[in-house]
Amino acid sequence: MSVNAWVKIVNGRVVTPGGILSQGQIIVTEGKIAEVTERNVELPADAEVFDAEGCYVAPGCIDMHVHGAAGHDFSEATPEAFRTIARAHALHGTTALYPTIAADSGEVFRRAIRTCERVMTEPAGDGACILGLHLEGNYLNPAMKGAQHPDHIYPPKPEEYHELLEGTTCIKRWSAAPELPGALEFGRYASERGVVVSVAHTTADCSMVKRAWEAGFTHATHFYNAMTAVHKEGIYKRAGTVEGIYLVPEMTVEVVADGIHVPPEILQLVYRIKGAERVALVTDALSAACGGESGMGGVQTVIEDGVCKLADRSAIAGSIATGIRLIRTMVREAGCPLSEAVRMAAETPARMMGISERKGAIRRGMDADLIVFDDDFALRRTMVGGRWV
């Protein structure tokens with residue numbers, strides 16, 4: 001990574017919370033955005049000047065749900081795997097992420113916690129910032145397990161989640177099925193400790209979704225995937241998890257915006273109903289993303305039609321999406337304005353995760369986490385904490 005005391009980015013279409021500056025300049029120093037303007041700013045002679053050549057300059061993507069990349073999975077729970085994945089995604093538009101651990105043994109969770117704590121305290125490296133863990137298990141409904149390992153799926157165990165949450169502050173998200181015995185108690189306990197608790201891998205109906213919301217479940221993991229929607233029971237229609245989430249207006253959602261996990265028409269519907277302020281774009285990427293080989297914690301998968309599937313093709317296992325692909329899909333396939341797509345990839349997840357005072361937008365005083373891409377959504381450069389990756 002290159003670093004300079006002062007960096008001036010010129011000739012960019014700068015995507016800010018207030019709109020797109022057609023001839024914007026961004027001044028960066030000490031890892032922070034010092035100025036965002038359309039006027040020329042004089043800097044020291046040794047300042048680096050980067051000509052964006054008319055490309056968009058946007059805040060980097062913040063991925064709330066990502067399992068791996070470049071042949072590695074966060075469940076390996078080693079610093080090397082964490083750093084490799086973070087660098088791979090940085091090269092594709094993600095500047096901050098939350099390593100996600102699928103259903104696994106308690107020992108894997110503990111090792112991942114220790115590794116995450118270590119990596120979070122290290123000096124800035126050459127990849128996306130690692131901001132804390134997301135546990136996607138083990139409190140999931142077996143009927144909606146998808147690619148999750150069935151040997152590690154069971155109802156919440158108070159002695160387990162008490163131990164994990166009392167032993168660390170790096171667990172920032174936890175996904176669970178609220179209809180399981182003890183799940184509402186789990187939601188209250190975890191949310192009271194600042195954890196974002198999410199509805200996931202679930203058959204919860206509308207009434208259960210409302211009860212989950214009241215118990216601290218504020219978010220929906222990979223909305224539409226591994227949950228029920230309107231369906232028929234006998235001769236009658238029944239509302240499912242999806243409708244329950246829509247009927248709790250304040251509940252936020254994330255979508256795997258690769259155009260495959262959720263078709264473009266549904267992505268458009270989610271955006272129209274929930275609005276950009278309550279929709280986050282996530283990759284849910286596996287080790288196969290960014291040029292890696294297929295696989296998921298010992299579960300056999302294949303890459304087909306631009307997505308990871310279980311080897312028997314009975315379910316989607318995860319994605320090979322990247323940050324810039326999420327933005328492209330929302331704009332080109334779901335018909336979303338570019339500024340709103342960027343907002344859902346950066347500003348909204350930052351607010352959901354409680355880090356919006358420093359990340360997720362281009363304005364003075366924020367971390368200099370930036371991406372530069374052209375009209376074809378080809379990524380030109382990524383900056384993390386004022387350093388070019």
Is the centre of the His261 ring less than 6.0 Å from the centre of the His222 ring? no
Assert yes or no for the condition that the ring centre distance of Tyr246 to Phe223 is strictly below 6.0 Å.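 Yes, close enough.
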Working to the nearest 0.5 Å, report the span between [atom1] of [X] and [atom2] of [Y].
X	Y	atom1	atom2	result
Thr202	Phe217	OG1	CZ	8.5 Å
Tyr161	Leu135	OH	CG	14.0 Å
Thr283	Arg325	OG1	CZ	10.0 Å

Residue [X] excluded, over 12 heavy atoms near [atom1] under 6.0 Å:
X	atom1	answer
Arg358	CZ	yes
Arg211	CZ	no
Arg238	CZ	yes
Lys210	NZ	no

Are side-chain N/O atoms of [X] and [Y] paired as donor and acceptor at under 3.5 Å?
X	Y	answer
Glu117	Thr168	yes
Trp388	Glu48	yes
Thr348	Glu277	no
His72	Thr84	no
Thr94	Asp63	no
His67	Asp284	yes
Asn141	Thr203	yes
Glu233	His231	yes
Gln148	His152	no

Treating [X] as the side-chain partner and [Y] as the backbone partner, does any N or O pair qualify as donor plus acceptor under 3.5 Å?
X	Y	value
Thr382	Ala90	yes
Arg278	Pro249	yes
Thr100	Val66	yes
Asp369	Gly385	yes
His92	Ala88	yes
Asp73	Ser75	yes
Trp174	Gly137	yes
Arg114	Ala77	no
Asp374	Ala378	yes
Ser175	Thr221	no

Who clusters with Tyr98? Use side-chain heavy atoms, under 4.5 angstrom, across I, L, V, M, F, W and Y, and order the result by chain and number. Ile62, Met64, Leu131, Val196, Val256, Val282, Met352, Met353, Ile355
Looking at Tyr189, I'd like to know if the NZ or CZ of Arg193 sits under 6.0 Å from its six-membered ring centre while staying within 45 degrees of the ring's axis. yes
Does Lys157 make a cation-pi contact with Tyr154, if we ask for NZ or CZ under 6.0 Å from the ring centre and within 45° of the axis? yes
Quick one: list whatever passes salt bridge (charged side-chain N to carboxylate O under 4.0 Å, His left out) with Glu160, sequence neighbours left out.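 Glu160 satisfies salt bridge (charged side-chain N to carboxylate O under 4.0 Å, His left out) with no other residue.
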With sequence neighbours excluded, tell me which residues meet salt bridge (charged side-chain N to carboxylate O under 4.0 Å, His left out) with Glu254. Arg173
